[in-house]
Amino acid sequence: MKDSFKARKFVIISIIVLIGSIFIIRLFFLQIIDNEYKLSAENNVLRYVVQYPARGLIYDRNDNLLVYNEAAYDLLVIPKQLKSFDTTEFCQLLNINKEELIANIIKARKYSYYKPSVFLEQITKENYGRLQEKLYKFNGFYVQKRTLRKYPYKNAAHTLGYVGEVNQSNIKRDRYYKQGDYIGKSGIEKSYEKELRGKKGLKIRLVDVFNRIKGSYKDGRFDTLTEAGKNLRISLDIALQQYGEMLLKNKKGSIVAIEPSTGEILALVSAPLYDPNLLIGRIRTENYKKLSIDTLQPLFNRATMAQYPPGSTFKPINALIGLEENVLTRNTKYSCNGLNTKPIRCSHDHYSPLSLISAIELSCNPYFWQVFKSIIENPKYDNTNEAYDNWRKYVKSFNVGEKFNTDISNQTKGFIPLDKYYNKYYGENHWKALTIRSLAIGQGEILISPLQMANIAAAIANRGFYYPPHFYKNIEDDNFIKPEFLKKSTFPFKKKHFETIIEGMFKVYEGEHGTARWYKNDSIQICGKTGTSQNPHGENHSVFIAFAPKNNPQIAISVVVENSGSGAKWAAPIATLMIEKYLFGHVEPNWFEENIINTNLLEN
Amino acid sequence: MRERKGIFYNIDRLTVFLYLLLVFIGWINIYAAVYNEEHKSIFDLSQNYGKQLIWIISSVVLALIILMIDIKFFSSFSYIIYFLSMFSLLAVLLLGKEIAGSKSWFQIGSFALQPAEFAKFATCLAIAKYLSAIDRKMKSLKTKIFAFIILLFPAGLILLQNDTGSALVYFSFILVLYREGLSGSFLIFSGIITVLFLLTLWLGILYAGGIVLAVCLFLLLLIKRNRNNIFTLIAAFIISGGFVLSVDYVFENILEKHQKTRINVLIGKETDIRGAGYNVHQSKIAIGSGGLTGKGFLKGTQTKYNFVPEQSTDFIFCTIGEEWGFAGSFMVVLLFSTLLIRLIIIAERQKSKFSRIYGYGVCSILFFHFIINVGMTIGIAPVIGIPLPFISYGGSSLWAFTILLFIFIRQDASRSELL
């Protein structure tokens with residue numbers, strides 16, 4: 001039989017070849033040209049699990065633990081894996097209401113349907129305990145461990161700072177951080193962030209379609225290990241810190257205590273203060289808001305950020321300059337008419353005339369006006385500007401008007417005007433010593449922070465040098481000290497001049513007319529200087545600087561008690577108590593300690 | 001004895017080789033697709049790969065038996081086999097077990113048999129028997145009607161089982177009928193129908209109708225404008241217009257939701273990769289991530305972690321694409337195309353019309369499975385759940401395809417013996 005359709009086999013074969021070719025072309029595009037699918041496959045199976053290292057612990061100079069980590073638990077949810085569950089039981093376990101539950105699930109869904117996201121941050125240990133037993137009932141919920149900072153002493157909040165979630169600018173500045181990571185936001189936590197944080201690790205895990213972990217990717221070849229954060233020892237003496245915080249209770253002010261021989265900060269109190277435990281975890285946002293609207297500004301670190309006219313505590317510096325410039329000797333005498341003296345009157349009624357040492361002891365204003373006048377009107381200099389500029393250089397050698405380049409995170413520079421400032425204010429050649437006479441007694445434009453005051457005390461105690469104030473003691477067991485903390489700053493003043501003013505400062509306690517003679521301690525030779533800082537914000541600030549013992553100083557200190565009157569009234573006794581506490585570890589009963597602790601100066 | 005020896009001597013070795021190779025590729029990839037650490041042995045009978053080995057061995061036995069059966073048996077018993085098969089399709093509707101929404105399985109002990117798989121070669125035999133009768137002409141209306149009844153009867157029964165995929169397979173016989181003299185316009189017509197169908201769904205009635213009108217006007221300019229031609233063209237326009245309208249109606253009112261979404265996914269109207277498009281999306285990821293040479297045997301992450309569903313059965317091609325890359329998938333496409341063309345060459349060398357038609361039937365069925373299955377995994381055919389012959393896991397399908405193929409090999413081996 002003749003088959004007239006035999007040729008049709010070619011049509012059919014062509015169709016087969018055509019389909020085969022289409023498939024091969026399509027496969028070529030899918031498998032070789034298009035890379036999108038390779039990425040998708042990786043996204044499907046690879047889960048990058050970040051391993052958080054424990055943050056370094058912080059100890060004080062006597063190895064008391066100041067900061068440690070406590071486990072906290074975040075509840076995560078994977079929306080895809082959710083199955084219907086008993087919402088009432090679930091809400092009861094977590095102490096949340098149903099609206100919160102629904103809102104959080106919607107939020108998680110918006111983030112990703114497949115990937116885990118935080119459902120509830122930092123659930124309490126008790127809730128975690130109860131939840132853990134029943135977690136099997138709630139498909140799609142997981143618990144992730146995190147750590148929170150804990151402060152067993154509840155002290156030194158301003159110094160230690162706090163840890164919080166990174167913000168966008170942190171992430172931009174350092175690629176190490178990812179959304180949700182923690183970073184030191186202030187204080188020591190910020191200054192030593194790199195050392196304390198350690199190094200995150202990354203485990204790459206393979207997951208199946210249900211997001212169950214099936215194993216590690218290429219046997220962990222690309223995993224990185226975590227490195228625990230380093231433990232840090234800081235220079236604070238927590239017992240002294242605690243005592244200082246107690247003394248400034250219900251007062252506004254600050255205490256800064258420094259070890260003169262090293263620059264190590266022994267205590268740094270800013271009052272009013274707050275419990276550092278308020279600024280951790282889930283409660284932080286709320287508490288931070290409360291603290292930041294408090295009119296007493298507890299978050300403001302007065303010890304390093306506030307600046308005051310130093311008042312009479314500045315007089316020893318003017319004396320040093322006068323001695324060094326040879327316009328003053330220890331025997332130079334000036335007379336004083338008490339309240340009637342011009343252009344600056346004296347606040348004390350005392351014998352006259354008097355020498356330099358007595359002038360310091362009594363804090364005689366007219367004397368120091370004469371000193372200042374002789375410095376600024378020194379015929380050695382062509383004009384007032386030049387003489388002022390020279391005076392300013394001397395003052396700047398105490399780092400006034402500059403920040404310390406150390407681990408103190410928030411500092412103010414203070415202020416010491418340039419001659420240009422006065423040129424602008426009074427007009428060129430229109431000002432002279434008389435115009436700026438307030439500077440003679442630490443008033444006027446000059447502003448100094450309590451930290452700078454303490455450093456001035458330390459420099460005087462050292463008879464002519466200081467190390468920048470800092471908190472660093474050592475990291476782990478390494479005794480390495482950062483070179484910037486070993487940078488010794490010296491002064492253009494001869495050592496004997498320091499001895500002269502120290503003699504005066506010693507008389508402040510020991511002299512018959514000493515402004516702090518009521519707080520004299522028979523077992524310690526303390527040198528100090530009172531100050532009464534006049535300010536436009538109300539009553540005078542009580543200011544005091546001191547160091548002890550006179551020979552071989554162990555502690556230098558500055559105390560400011562805002563709006564509380566003269567330096568002798570509050571700052572001097574507080575400094576005295578601090579010195580005794582530090583040198584002996586305890587304070588002998590005396591007539592003024594209890595009164596200080598119990599006085600509330602905030603109520604006025 | 002001489003004859004028996006002759007049969008094994010005369011079998012088409014290339015076809016048998018391709019068959020064994022594809023079966024072997026299937027077994028290896030089923031192992032990779034369902035591999036798990038607890039059952040590492042490829043011979044583990046509790047796993048699909050162990051079971052597939054049993055199916056393979058039993059299939060080879062089946063093939064040997066078929067090769068030993070007298071050649072006249074198949075043409076003589078064609079109708080009886082067909083009717084038995086149709087009976088089993090009916091029976092499964094009444095007595096069968098429902099698996100995954102389709103009532104198409106007989107459960108015998110621990111084995112499940114799917115009569116629809118066996119209906120393919122039965123129908124193939126019947127259509128070959130019917131069309132090979134002396135003086136049967138494709139041109140006659142009666143032949144066409146009977147042929148369509150033979151084909152549509154099993155298709156209808158299978159549709160009733162809710163197994164759309166297996167029912168659509170009978171559509172492939174249009175190639176057989178074409179080879180035997182059915183007008184080429186049927187082929188073209190079904191091509192146009194498919195295009196119009198997709199156009200309507202894709203662009204909506206308005207645009208599809210517009211395109212039909214534009215094409216007709218264009219043709220009006222081209223052809224000689226005598227009365228006959230114009231009349232035909234107007235008829236064609238009315239018919240296609242009506243088709244476009246009815247497609248819309250069918251799509252909106254008759255198709256079930258899952259069928260609609262599957263079609264929508266295919267034509268790109270639905271891109272929800274979590275819902276209906278999930279399978280295809282994951283399947284493309286698996287194949288696409290294979291690259292040139294693949295991730296290596298048992299190294300496919302998509303495969304290993306079950307991102308692609310039904311991977312040992314309908315989506316087995318993913319495993320090949322992912323673990324063996326373009327090299328592997330190209331190889332499989334090439335092997336299949338070679339087998340299909342080889343089958344046509346063999347069919348054409350048959351002296352018996354029965355054998356030739358049967359051969360084309362085998363080729364068409366395999367071809368249809370190949371197009372739909374591979375096309376589906378690479379996202380150019382709708383998601384219709386039918387196996388990839390010889391490769392997909394499954395006893396019924398492997399047995400049925402083996403029987404289908406070896407009946408033809410058996411006839412070819414004796415092609416010189418009878419007319």
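So you know, we letter chains A, B, ... as the sequences are listed, proteins then strands, and number each from 1.
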Would one find more than 12 heavy atoms of other residues, nucleotides or ligands at under 6.0 Å from atom [atom1] of [X]?
{"X": "B:F189", "atom1": "CZ", "value": "no"}
{"X": "A:K6", "atom1": "NZ", "value": "yes"}
{"X": "A:K203", "atom1": "NZ", "value": "no"}
{"X": "B:R349", "atom1": "CZ", "value": "yes"}
{"X": "B:K144", "atom1": "NZ", "value": "yes"}
{"X": "A:K199", "atom1": "NZ", "value": "no"}
{"X": "B:M138", "atom1": "CE", "value": "yes"}
{"X": "A:F85", "atom1": "CZ", "value": "yes"}

[X] versus chain B, the contacting section by heavy-atom distance below 4.5 Å:
{"X": "A:I15", "result": "both"}
{"X": "A:F28", "result": "both"}
{"X": "A:I19", "result": "side chain"}
{"X": "A:I16", "result": "both"}

Distance from [X] atom [atom1] to [Y] atom [atom2], nearest 0.5 Å?
{"X": "B:K284", "Y": "A:R26", "atom1": "NZ", "atom2": "CZ", "value": "5.0 Å"}
{"X": "A:K9", "Y": "B:R179", "atom1": "NZ", "atom2": "CZ", "value": "8.5 Å"}
{"X": "B:S289", "Y": "A:D34", "atom1": "OG", "atom2": "CG", "value": "11.5 Å"}

B:I341 side chain near A:V17 side chain, heavy-atom distance below 4.5 Å: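 Yes; the side chains approach each other to less than 4.5 Å.
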Proximal component of [X], with respect to chain A [non-hydrogen, under 4.5 Å]:
{"X": "B:F326", "value": "both"}
{"X": "B:Y360", "value": "side chain"}
{"X": "B:I344", "value": "side chain"}

Audit row: A:I12, B:F367, side chain to side chain contact (heavy atoms under 4.5 Å, CB included) steps and yes/no: CA-CA 11 Å; A:I12 296 170; B:F367 187 39; over 6 Å; no
Derivation and outcome, side chain to side chain contact (heavy atoms under 4.5 Å, CB included), residues B:I287 and A:Y37: CA-CA 8 Å; B:I287 294 171; A:Y37 295 102; over 6 Å; no
Steps toward side chain to side chain contact (heavy atoms under 4.5 Å, CB included) verdict (B:F317, A:L27): CA-CA 11 Å; B:F317 194 72; A:L27 285 165; 3.9 Å; yes
Leading residue by heavy atom contact count with chain A [cutoff under 4.5 Å; candidates [options]]:
{"options": "B:G325, B:G290, B:C363", "result": "B:G325"}
{"options": "B:G184, B:G294, B:G288", "result": "B:G288"}
{"options": "B:I134, B:L175, B:L187, B:V374", "result": "B:V374"}

For B:S337 against A:G20, the heavy-atom pair lying closest together: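 Minimum heavy-atom contact is OG-CA, 4.1 Å.
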Which atom of B:S329 lies closest to which atom of A:Q31, heavy atoms considered: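 Where B:S329 meets A:Q31 most closely, the heavy atoms are OG-OE1, 2.7 Å.
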Within the 6.0 Å centroid threshold, strictly below: B:F336 and A:F23: no
